[in-house]
Asker: 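One structure, pasted below without further comment.
If you're wondering where the values come from, they're calculated on a predicted model, not measured in any experiment.
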Amino acid sequence: MAKTQIPGFKTGGGLLRKVIGCGVAIALLILIIRYPADAANWAHGAAATVGDAIDGLVAFFRGLAN
């Protein structure tokens with residue numbers, strides 16, 4: 001059976017893309033292991049930013065409904 005591909009998404013990737021992805025993953029792992037409090041603060045800030053963005057979108061769509 002043939003693999004089905006999602007249109008617009010390239011499967012696989014080049015060697016450079018994989019090397020960069022592994023480098024980023026290793027850097028994040030080292031950050032979490034060496035500086036867990038800083039990593040937790042960063043993750044908390046990122047989650048708060050996403051939450052604020054969602055709240056803003058909800059307020060926008062509620063404003064359109066009125």
Asker: Can you list the other members of the hydrophobic cluster that holds Ile32, where links are side-chain heavy atoms under 4.5 angstrom apart?
Answerer: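 For Ile32, no cluster forms, as it stays isolated from other hydrophobic side chains.
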Asker: Table please: side-chain donor-acceptor pairs of residues 40-54 below 3.5 Å, with sequence neighbours left out.
Answerer:
{"unit_1": "Asn41", "atom_1": "ND2", "unit_2": "Ala37", "atom_2": "O", "d": "3.4"}
{"unit_1": "Thr49", "atom_1": "OG1", "unit_2": "Gly45", "atom_2": "O", "d": "2.9"}

Asker: Excluding sequence neighbours, so at least two apart, what forms side-chain contact (heavy atoms from CB on, under 4.5 Å) with Ile30?
Answerer: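 Partners of Ile30 by the side-chain contact (heavy atoms from CB on, under 4.5 Å) criterion, ordered by chain and then number, come out as Ile26, Arg34.
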Asker: Could you tell me which residues satisfy side-chain contact (heavy atoms from CB on, under 4.5 Å) with Leu64, sequence neighbours excluded, listed by chain and number?
Answerer: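 Applying side-chain contact (heavy atoms from CB on, under 4.5 Å) to Leu64 gives Phe60, Phe61.
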